[in-house]
Amino acid sequence: MKELVEVIAKALVDNPDEVVVTEEDTDRALIVSLKVADDDMGKVIGKQGRIAKSIRSVVKAAASKDDKKVIVDIVQ
């Protein structure tokens, strides 16, 4: 899932070198944290959070085959 979030985020931002994705596996869920440059934060979140919601939907669909809950967290 880390690679999927990274590819999507790098396609959206102006500074793809500053995209950092970390993955933490807990017993309940897989937490994917996304950090981008301050200037690119609006591009990743989108108006009213639409792009962030879309990223979460794509990751959730990809994770459905593994039967594991995935949480995408956008960090400042």
Side-chain angles (χ1 to χ4, degrees):
M1 293 304 135
K2 177 181 174 181
E3 295 83 16
L4 177 62
V5 173
E6 192 171 350
V7 167
I8 293 171
K10 284 185 177 184
L12 292 171
V13 298
D14 289 334
N15 302 316
D17 297 336
E18 295 188 37
V19 172
V20 178
V21 180
T22 58
E23 203 172 56
E24 180 183 343
D25 198 2
T26 64
D27 54 340
R28 290 187 188 180
L30 179 66
I31 301 170
V32 180
S33 297
L34 170 62
K35 183 173 172 123
V36 296
D38 290 338
D39 298 340
D40 293 328
M41 190 61 75
K43 293 180 177 130
V44 173
I45 295 173
K47 287 187 179 179
Q48 297 179 350
R50 287 187 182 142
I51 294 176
K53 192 181 291 186
S54 298
I55 292 171
R56 290 181 178 117
S57 296
V58 168
V59 172
K60 184 178 177 182
S64 66
K65 66 180 178 182
D66 296 335
D67 290 332
K68 186 137 188 173
K69 184 177 180 181
V70 177
I71 300 168
V72 178
D73 188 23
I74 300 172
V75 182
Q76 276 189 329

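Hydrogens, waters and symmetry mates are skipped; everything else that's a heavy atom, side chains included, is used. Residue indices begin at 1 and follow the sequence shown.
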Handout entry: Side-chain touch V13/V44, heavy atoms, less than 4.5 angstrom
Key = yes
Practice task
For the residue pair E18 and D40, establish whether any side-chain heavy-atom pair is separated by less than 4.5 Å.
Solution key: no
Please determine whether the number of non-hydrogen atoms from other residues, nucleotides or ligands lying under 6.0 Å from atom [atom1] of [X] exceeds 12.
X: D38; atom1: CG; value: no
X: K69; atom1: NZ; value: no
X: K35; atom1: NZ; value: no

Exercise for the section: Kindly work out whether a path of hydrophobic side-chain contacts (I/L/V/M/F/W/Y, heavy atoms less than 4.5 Å apart) joins V21 to V58. Expected result: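 Per the 4.5 Å side-chain linkage, V21 and V58 are co-clustered.
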Problem - Single-linkage hydrophobic cluster I51~V7, side-chain heavy atoms < 4.5 angstrom - result: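 No, I51 does not connect to V7 through the hydrophobic network.
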What is the distance from atom [atom1] of [X] to atom [atom2] of [Y], rounded to the nearest 0.5 Å?
X: I31; Y: I71; atom1: CD1; atom2: CD1; value: 5.0 Å
X: L12; Y: I45; atom1: CG; atom2: CD1; value: 11.5 Å
X: I55; Y: K60; atom1: CD1; atom2: NZ; value: 15.5 Å

Give me the atom names and distance for the closest heavy-atom approach of [X] to [Y].
X: V75; Y: M41; answer: O-CE, 3.5 Å
X: N15; Y: A37; answer: ND2-CB, 4.0 Å
X: V72; Y: R56; answer: O-NE, 2.9 Å

Problem - side-chain contact (heavy atoms from CB on, under 4.5 Å) between E23 and V5, intermediate numbers included - result: CA-CA 10 Å; E23 203 172 56; V5 173; over 6 Å; no
Handout entry: Under-4.0 Å salt bridge between K10 and E6
Key =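 Looking at E6 together with K10, the answer is yes, because their closest N to O distance falls below 4.0 Å.
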